[in-house]
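Index from 1, following the sequence.
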Amino acid sequence: MNLHHAVEITLTRPATHAELARATRTLPLVASHDATRLTAVVYAKTPARALHRLRRQLGEALPVDVITTHYPDPGGQVILNITLPPAADAAVRQAADRAGQTPRAFVQMTLHRALAQHANREAELLDGAVQQLLATTNPAQLLTAVARALTSTPGAPAC
């Protein structure tokens, strides 16, 4: 069963008016204020097919960097469609072959590992900052200060 899939396109540079006009003849697109991000709705069986179809439809009409699903799938994942330069593609294929994986599985595992490491580093930095604050203040004062900061920050969730 085919469905409509919301897709986001990130460009390597702002699209010109001529490029946008040419691309919108192929597919309705909505551009961001700076013309570096576009959104489209693509009819396809799966989100991955929607991304692939969009890349084929756009061809060389726009300087596409990355195409992603706009909304996460039921597992919370956003699907990426990237085209690597030939040298990078060859390096990924070689590394995947050495790891006994497909290039897709290798990139997915590498991205997951990098994101997990980044999240761990961020958590460690935050833990360290909290420990430094607790060395000079008591927990009640720190909680009060955090609550005050959260409630005075525009766009922050209401407490």
Side-chain angles (χ1 to χ4, degrees), residues 3-17 19-20 23-24 27-44 46-55 58 62-85 87-89 91-92 95-96 98-99 101-159:
L3 299 170
H4 288 94
H5 301 278
V7 176
E8 190 167 316
I9 306 155
T10 304
L11 304 177
T12 58
R13 61 169 171 74
T16 65
H17 290 293
E19 288 171 328
L20 284 173
T24 56
L27 175 77
L29 298 167
V30 178
S32 64
H33 71 285
D34 62 357
T36 59
R37 294 173 65 185
L38 309 170
T39 302
V41 176
V42 180
Y43 190 67
T46 66
R49 285 186 182 177
L51 300 183
H52 182 73
R53 177 173 290 155
L54 179 63
R55 188 171 291 276
L58 290 177
L62 293 168
V64 175
D65 188 16
V66 178
I67 302 174
T68 66
T69 50
H70 189 69
Y71 299 106
D73 66 11
Q77 302 294 309
V78 172
I79 300 172
L80 300 174
N81 179 294
I82 57 175
T83 300
L84 298 174
D89 185 60
V92 166
R98 284 192 302 273
Q101 298 175 316
T102 65
R104 179 181 179 168
F106 178 78
V107 168
Q108 185 176 16
M109 181 194 65
T110 303
L111 283 173
H112 281 265
R113 186 180 305 134
L115 290 171
Q117 288 172 348
H118 176 74
N120 286 340
R121 277 194 307 273
E122 290 292 313
E124 288 171 3
L125 286 171
L126 185 57
D127 289 347
V130 168
Q131 291 304 318
Q132 282 184 321
L133 289 168
L134 286 171
T136 59
T137 188
N138 67 51
Q141 290 172 319
L142 180 58
L143 283 174
T144 301
V146 169
R148 198 170 35 249
L150 288 174
T151 57
S152 67
T153 304
C159 293

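- Remark: L143 CG to R148 CZ distance equals 11.5 Å, nearest 0.5 Å.
- For CZ of R13, the number of neighbouring non-hydrogen atoms (other residues, nucleotides, ligands) closer than 6.0 Å is greater than 12.
- Rounded to the nearest 0.5 angstrom, L11 CG and R37 CZ are separated by 10.0 Å.
- Scanning for side chain to side chain donor-acceptor pair (under 3.5 Å) contacts around S32 gives D34, with sequence neighbours left out.
- Summarising the geometry of L20 relative to A15, their closest heavy-atom pair is CG-CB, 3.7 Å, with the distance given to 0.1 Å.
- Taking CG from L54 and CD1 from I9, the interatomic distance works out to 4.5 Å, rounded to the nearest 0.5 Å.
- For residues 64-83, the side-chain hydrogen bond (donor to acceptor under 3.5 Å, both in side chains) pairs, not counting sequence neighbours, are E8-H70, R55-N81, R55-T83.
- Note that OG1 of T12 and CG of L62 are 9.5 Å apart. Values are rounded to the nearest 0.5 Å.
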Cut-off 3.5 Å, no hydrogens considered: what does the side-chain donor-acceptor table look like for residues 105-121, sequence neighbours left out?
{"from": "T110", "atom 1": "OG1", "to": "F106", "atom 2": "O", "distance (Å)": "2.7"}
{"from": "N120", "atom 1": "ND2", "to": "A116", "atom 2": "O", "distance (Å)": "3.4"}

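- Applying the side chain to side chain donor-acceptor pair (under 3.5 Å) criterion to Q141, with sequence neighbours excluded, gives T137, N138.
- Contact record, E19 with P14: OE1-O, 4.3 Å, taken as the closest heavy-atom pair.
- For R53, there are no side chain to side chain donor-acceptor pair (under 3.5 Å) partners two or more places apart in sequence or in a different chain.
- A40 approaches L29 most closely through the heavy-atom pair CB-CD2, 3.5 Å.
- To the nearest 0.5 Å, atoms NE2 (H52) and CD1 (I67) are separated by 10.0 Å.
- Residues satisfying the side chain to side chain donor-acceptor pair (under 3.5 Å) test with T24, not counting sequence neighbours, are none.
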